[in-house]
Q: 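I have a structure I would like to understand better, so I am pasting it below and will then ask my questions one at a time.
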Amino acid sequence: MENTNTATAIFAGGCFWCTEAFFTDLKGVEKVVSGYIGGTVKNPSYREVCNGTTGHAEAIKITYNPKEVAYDDLLEIFFATHDPTTLNRQGADVGTQYRSEIFYTNDEQKKAAENFIQLLESQNIFGKPIVTKVSEASTFYPAEDYHQDYYAQNSNQPYCQAVISPKLEKLKKNYKSKLKE
């Protein structure tokens with residue numbers, strides 16, 4: 001349950017193992033949960049979502065303190081840590097479950113996300129059109145326990161070393177002032 005000092009942001013930007021790792025160490029972020037959203041099946045399993053038949057995206061639900069980190073800062077990190085120009089794909093991960101999508105929880109988040117995308121587009125930041133969808137949040141289903149804090153518990157795994165670690169190092173270098181000490 002959300003208290004008055006926190007807010008929720010929900011982002012889908014490819015594999016939730018990666019996106020979770022990027023937001024966990026941000027100042028003002030209290031909790032990051034990997035899960036599934038945007039589909040038609042109740043309580044989907046990882047296997048079902050990976051098959052691409054449920055309509056869900058792998059996503060993260062961020063509980064944060066807006067007095068410590070602004071929603072626009074979360075949007076900035078979101079767009080800096082995945083490719084929002086590839087439809088239903090992030091690197092080698094292909095399928096609708098790996099789509100780029102922002103799930104807003106209120107009208108302010110919707111406007112902020114749309115404005116942020118317009119700003120990126122107007123400055124041609126990515127050199128290609130942004131395909132990130134902005135959708136109203138539906139039911140978020142937490143992923144199985146073994147997916148939670150995946151990078152922290154499996155950082156030596158080959159996928160983590162090859163895909164997540166280099167992106168995380170870049171994030172730490174470029175956004176040091178926004179990270180917890």
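For the numbers below, each heavy atom of this structure counts, side chains included, while hydrogens, waters and symmetry mates do not. As the structure is a prediction and not an experimental result, all values here were calculated from the model.
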Q: Could you please spell out the steps behind the ring-ring contact (aromatic ring centres under 6.0 Å, His included) verdict for Tyr36 and Phe140?
A: CA-CA 6 Å; Tyr36 318 110; Phe140 180 90; 8.0 Å; no
Q: Taking Glu20 for its side chain and Asp149 for its backbone only, find out whether a donor-acceptor pair lies under 3.5 Å.
A: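 Yes, because the side chain of Glu20 sits within donor-acceptor range (under 3.5 Å) of the backbone of Asp149.
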Q: Show the nearest heavy-atom pair for residues Pro166 and Cys160, with the distance to one decimal.
A: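 Nearest pair, atom of Pro166 first, then Cys160: CD-O, 4.5 Å.
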Q: Indicate the ring-plane relationship of Tyr46 and Tyr146, choosing parallel, tilted or perpendicular according to the 30° and 60° boundaries.
A: perpendicular
Q: Is the side chain of Gln148 donor-acceptor paired with the backbone N or O of Pro142 at a distance under 3.5 Å, no angle test?
A: no
Q: Name the residue from Tyr151, Tyr159, Phe22 that meets the ring-ring contact (aromatic ring centres under 6.0 Å, His included) definition with Trp17.
A: Tyr159
Q: Please work out which of the three classes, parallel, tilted or perpendicular, describes the rings of Phe11 and Phe23, given edges at 30° and 60°.
A: tilted
Q: Pick one: which of Ile77, Thr81, Asp73 meets side chain to side chain contact (heavy atoms under 4.5 Å, CB included) with Tyr175?
A: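 By the side chain to side chain contact (heavy atoms under 4.5 Å, CB included) criterion, Tyr175 pairs with just one of Ile77, Thr81, Asp73: Ile77.
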Q: With a 3.5 Å distance limit and no angle check, can you tell me whether Asn106 reaches the backbone of Glu108 through a side-chain donor-acceptor pair?
A: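 Side chain of Asn106 to backbone of Glu108, a donor-acceptor pair under 3.5 Å: yes, one is there.
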Q: Keeping the roles fixed (side chain from Thr40, backbone from Thr54), state whether a donor-acceptor pair exists under 3.5 Å.
A: yes
Q: Taking all heavy atoms of Val131 and all of Thr85, pick out the closest pair and write down the distance.
A: CG2-C, 3.9 Å
Q: Do His82 and Thr19 have side-chain N/O donor and acceptor atoms under 3.5 Å apart?
A: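 No.
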Q: Who passes side-chain hydrogen bond (donor to acceptor under 3.5 Å, both in side chains) against Gln157, sequence neighbours left out?
A: Tyr150
Q: Kindly say whether Thr8 contributes a backbone atom to a donor-acceptor pair with the side chain of Gln109 at under 3.5 angstrom?
A: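 Yes; at least one donor-acceptor contact below 3.5 Å.
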Q: Under the side-chain contact (heavy atoms from CB on, under 4.5 Å) criterion, do Leu74 and Val29 qualify, and how do the steps go?
A: CA-CA 9 Å; Leu74 298 177; Val29 170; 4.2 Å; yes
Q: Provide the closest heavy-atom pair for Ile60 versus Ser34 in the form atom of the first, atom of the second, distance.
A: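 Residues Ile60 and Ser34, closest heavy atoms: CG2-OG, 4.1 Å.
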